[in-house]
Amino acid sequence: MCAMTNIRINASTGYDVLVGSGALERAPGFIRYALPRVNKVAVVTDSNVDALHSSAVVSHLAAAGLSPVKFTFPAGEKSKNLVTYASLIDFLAGNRLDRTDIVLALGGGVAGDMAGFAAATYKRGIDFIQMPTTLLAMVDSSVGGKTGVDIAAGKNLVGAFHQPRAVFCDLRFLYTLPDEWRMDGMGEVLKYAVLRDQGLFGRLESAPLAPIGESEIAACIGMKRDIVEADEKESGVRKLLNLGHTFAHAVEKLSGFGISHGRAVATGIAMASRAAVKCGTLSGEDCARIESLVSTMGYDSHVQFAASDIADAMLGDKKVEGDSIDLVLPHGIGCCAVSRTPLAEIGKVVADAI
Ligand code: MG
């Protein structure tokens, strides 16, 4: 078997993240030996991934003596809602999954968030496994135990913390990833570089358009592990993972979600950097390096939206707590800190950031 990177996450329930080509084939054996009471495996996937990868996953599970059943939903963030969630729960009940059975999320962030939330709540919680197929899900959303769905009032407003039993990142899935989706994931990779990895930042500067591989993906997951282990439920240091995100959520919303999450995050990092220069936490040279990398990687460093519209959208963010919001500001490349910002100052911050 091929060598792979194994990253142990010591959350409230510990689990391994396996990264490499061939991780898919490791999943059935893991279920058989680590979770020997499992019989049924509910594979939850979207219509795009279903056409590409689900038959391989289902046949490997069946070959290991497990009983896979498959739930497919229409691809896209629009499916991540309470209606799809309810039909997934009905599917689990209709297939008589019991509390020793398992859900396997096969796909990007939408599949992972929704399948994880179904697993967190069905029969008051059953186990689940993440098998991310997008770069964004591999480096970010599949690790850390956040699950949930969107409602009309906003993204991820209904959800639960529920840690997976294992995460299988098979790099071969990335071969079929459309370029736009790769760009989506690279926005989060850039986030990790600015957050705490000067080496990764330098690697991106030297080859901004080159595909990343096992070691870079594992490095991002390792950073997420360090942060999640220190603060599983986001009361402190985990907020750092929101670098660029409060600006990004406003940009996504104002674009009618036409700008993807990772693209918006890259732009949000440039915005946070400019705001940090005005706050005196970041040097002009480091800000210029960040803005330049955002551009050379193919993202917009500036937004076209009006500052007042961005500020309004930020005031509706779910990260608002009372009369302030925590923004993450770079203090250097590879070093960031949370900055509690009164809502009354958001307009000025945005004016500095655009
Ligand atoms: Mg994100």
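Note that the numbering runs from 1 along the sequence shown for the chain. All ligand and atom numbering here is 1-based and tracks the order in the structure. The figures here come from the full heavy-atom set of this structure, side chains too, leaving out hydrogens, waters and symmetry mates.
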Pair Thr176-His53, side chain to side chain donor-acceptor pair (under 3.5 Å): steps then yes or no = CA-CA 10 Å; Thr176 55; His53 304 301; 3.0 Å; yes
Please name the pair of heavy atoms, one in Arg8 and one in Glu229, separated by the smallest distance, quoted to 0.1 Å.
-> O-OE2, 3.6 Å
Between His249 and His245, how do the two ring planes meet: parallel, tilted or perpendicular, split at 30° and 60°?
-> perpendicular
Check whether the side chains of Gln163 and Thr13 place a donor and an acceptor atom closer than 3.5 Å, and report yes or no.
-> no
Within less than 2.8 Å of the Mg ion (ligand 1): protein N, O or S atom count = 3
Charged N to carboxylate O below 4.0 Å: is that the case for Asp140 and Lys224?
-> yes
Give a yes or no on this: more than 12 heavy atoms of other residues, nucleotides or ligands lie within 6.0 Å of atom NZ of Lys278.
-> no
